[in-house]
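What follows is one structure encoded as structure tokens, with my remarks underneath.
So you know, we letter chains A, B, ... as the sequences are listed, proteins then strands, and number each from 1.
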Protein chains: 2
Amino acid sequence: MNDAGVIRVLLADDEHLIRGALAALLSLEDDLLVVAEAASGPEALAMARAHRPDVAVLDLQMPGRDGVGVAAALRSELPDCRTMIVTSHGKPGHLKRALEAGARGFVPKTASAQQLAEIIRAVHGGSRYVDPDLAADAISAGDSPLTARETELLDLAADGASVAEIARRAALSPGTVRNYLSAAAAKLHAENRHAAVRRARERGWL
Amino acid sequence: MNDAGVIRVLLADDEHLIRGALAALLSLEDDLLVVAEAASGPEALAMARAHRPDVAVLDLQMPGRDGVGVAAALRSELPDCRTMIVTSHGKPGHLKRALEAGARGFVPKTASAQQLAEIIRAVHGGSRYVDPDLAADAISAGDSPLTARETELLDLAADGASVAEIARRAALSPGTVRNYLSAAAAKLHAENRHAAVRRARERGWL
DNA sequence: CCGTCGCGATGACATTTGTCATCGGGGCTG
DNA sequence: CAGCCCCGATGACAAATGTCATCGCGACGG
């Protein structure tokens, strides 16, 4: 704990340009100190262990381990470290997963740096912050109606593979695969599995 | 023309956080001056007309009109304004389209701010810059083997619509649609149209 | 202990999709 | 002008996919 009023921040984003720029901007705030930067999930974890930041600002999409995964790991490893997620593509399902992983902030990159700084302070203080638009979307979208297997098979179908290929990869009967995909498509009100994949992706259920 | 050695820069990116951070970072360079910012394609054009920047730094993905479209418009409207594209997802086809639109720089966001500043200077000086990795990918990927209609139909197929739906939207016979999609899939060495869509997307041909 | 639900499978059937051959028209080029 | 390629279409056939009914198994809750 740093009682001097300075908030020690870890910045993780695979885009060097954004990470550096963000670091520079946050450094302009007197009470924020960027103590570490990382370009991947694993690196973010290592940096967190080494520098013990007060707040970890994590990009959702990173190589190795995504922001949510890092948040989950940090919660158990460094419970004192607050985590928050920053992302370009704010999908309802992502928000839900992030909150379940213990993230206390969820901010789209369309926010301003001023807002980000404020939210870092709020999160450090123990509050939570979720982008209002995203929250509304998440509530209206609700939970995924898909079962675990349905989701898994839909994911395997995502790259356009044939039923036979999916069945092979999932070690299931082709008929079973068709049944599950059919059920998933019906639940998502999609006309076929490909449209179902799109629907699920849009909502972050995949 | 600004002979005082100061390069007037227009920054366009829909992500407020990144745009602001980038602006702050570039402002640290003595010879760079961010004279305008925009959050969408049309806004970028309007700002360019109003402020006549020396260099326009455009994000590839923006609402309204993407970076390539803005670059094309700027080339005819403000020939003295150099344009460059910055992007997260660098796909071969995008690079090609950007160069055809008159862009003189193509930089992935994994570059550092220092590099970006250098490239802005280079582009302003009349040089071109293309990320080496991306250039290699673009060369190895080559041009799209698809004809105009094939590309168009593949695009219509992208959201998982049925052949009948695609035929309706394209005002074509269903049989014709199947023929084109089949041809496109064959050219892309894909097993079906959905996999073909993925392949084309990966290469930026869509 | 019984109903419900998810998982996994099979069989049958209709529909959709992929593939191929073939046709005609138009435009470009050597 | 002949050859080539793209566009658009049709017909026929094979393969993949979607849909439905039905079965057995195990888990979980009232």
Side-chain angles (χ1 to χ4, degrees), chain A residues 93 96-97 100 141-206, chain B residues 93 96-97 100 141-206:
Chain A
K96 188 163 184 293
R97 282 195 303 130
E100 282 167 359
D143 280 7
S144 169
L146 305 176
T147 68
R149 282 293 173 283
E150 282 163 1
T151 304
E152 184 188 334
L153 292 187
L154 212 51
D155 190 42
L156 287 174
D159 56 357
S162 66
V163 169
E165 175 68 11
I166 298 171
R168 207 184 49 74
R169 284 202 259 176
L172 285 179
S173 155
T176 304
V177 170
R178 281 190 288 166
N179 285 340
Y180 279 164
L181 292 179
S182 181
K187 286 180 181 175
L188 266 46
H189 308 108
E191 296 205 341
N192 56 46
R193 58 205 166 100
H194 306 288
V197 166
R198 290 195 75 76
R199 278 250 161 80
R201 279 250 163 88
E202 280 170 13
R203 290 171 173 72
W205 290 340
L206 195 147
Chain B
K96 187 162 186 292
R97 282 194 304 129
E100 281 166 0
D143 280 7
S144 169
L146 305 176
T147 68
R149 281 293 174 283
E150 282 163 1
T151 304
E152 184 188 335
L153 291 187
L154 211 52
D155 189 43
L156 287 174
D159 56 356
S162 67
V163 169
E165 175 68 11
I166 298 171
R168 207 183 50 73
R169 283 201 259 175
L172 286 180
S173 155
T176 303
V177 170
R178 280 191 287 165
N179 285 340
Y180 279 168
L181 292 179
S182 181
K187 287 180 181 176
L188 266 45
H189 308 108
E191 297 205 341
N192 55 48
R193 59 208 166 99
H194 306 287
V197 167
R198 289 194 74 77
R199 280 251 162 80
R201 278 250 164 87
E202 279 169 13
R203 291 173 172 72
W205 289 340
L206 194 146

Which pair of heavy atoms, one from [X] and one from [Y], lies closest together, and at what distance?
X         : Y         : value
Ala170(A) : Leu156(A) : CB-CD1, 3.8 Å
Arg193(A) : Ala157(A) : NH1-CB, 4.2 Å
Asp155(B) : Arg201(B) : OD1-NH2, 4.5 Å

Atom [atom1] of [X] and atom [atom2] of [N]: how far apart are they, to the nearest Å?
X         : N       : atom1 : atom2 : answer
Leu172(A) : dT10(C) : CG    : C1'   : 14 Å
Leu154(A) : dC7(C)  : CG    : C1'   : 17 Å
Leu153(B) : dG8(D)  : CG    : P     : 8 Å

> Which letters describe nucleotides 12-30 of chain C, given B = protein heavy atom under 4.0 Å from base, S = only from sugar-phosphate, - = neither?
Replying inline: -----BBBBB---------
> Only one of Lys187(B), Arg203(B), Arg97(B), Lys96(B) clears salt bridge (Lys or Arg N to Asp or Glu O under 4.0 Å) with Asp143(B); which?
Replying inline: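 Of the listed options, the one satisfying the test is Lys96(B).
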>> Under a 4.0 Å threshold between the charged nitrogen and the carboxylate oxygen, would Glu202(B) count as salt-bridged to Arg199(B)?
In response: no
> Among residues 143-150 of chain B, which contact DNA chain D at a heavy-atom distance under 4.0 Å?
Replying inline: Thr147(B), Ala148(B), Arg149(B)
>> Whether the side chain of Arg198(B) engages the backbone of Ala158(A) through a donor-acceptor N/O pair (distance < 3.5 Å, no angle test) should be reported.
In response: yes
>> Testing Thr151(B), Thr147(B), Leu153(B) one by one against Tyr180(B) for a side-chain contact (heavy atoms from CB on, under 4.5 Å), which residue passes?
In response: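 Option passing the side-chain contact (heavy atoms from CB on, under 4.5 Å) with Tyr180(B): Leu153(B).
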> dT10(C) phosphate, OP1 or OP2: any side-chain N/O from Ser173(A) under 4.0 angstrom?
Replying inline: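 Answer is yes, contact under 4.0 Å.
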>> Heavy-atom count check: over 12 atoms from other residues, nucleotides or ligands less than 6.0 Å from Glu100(A) CD?
In response: yes
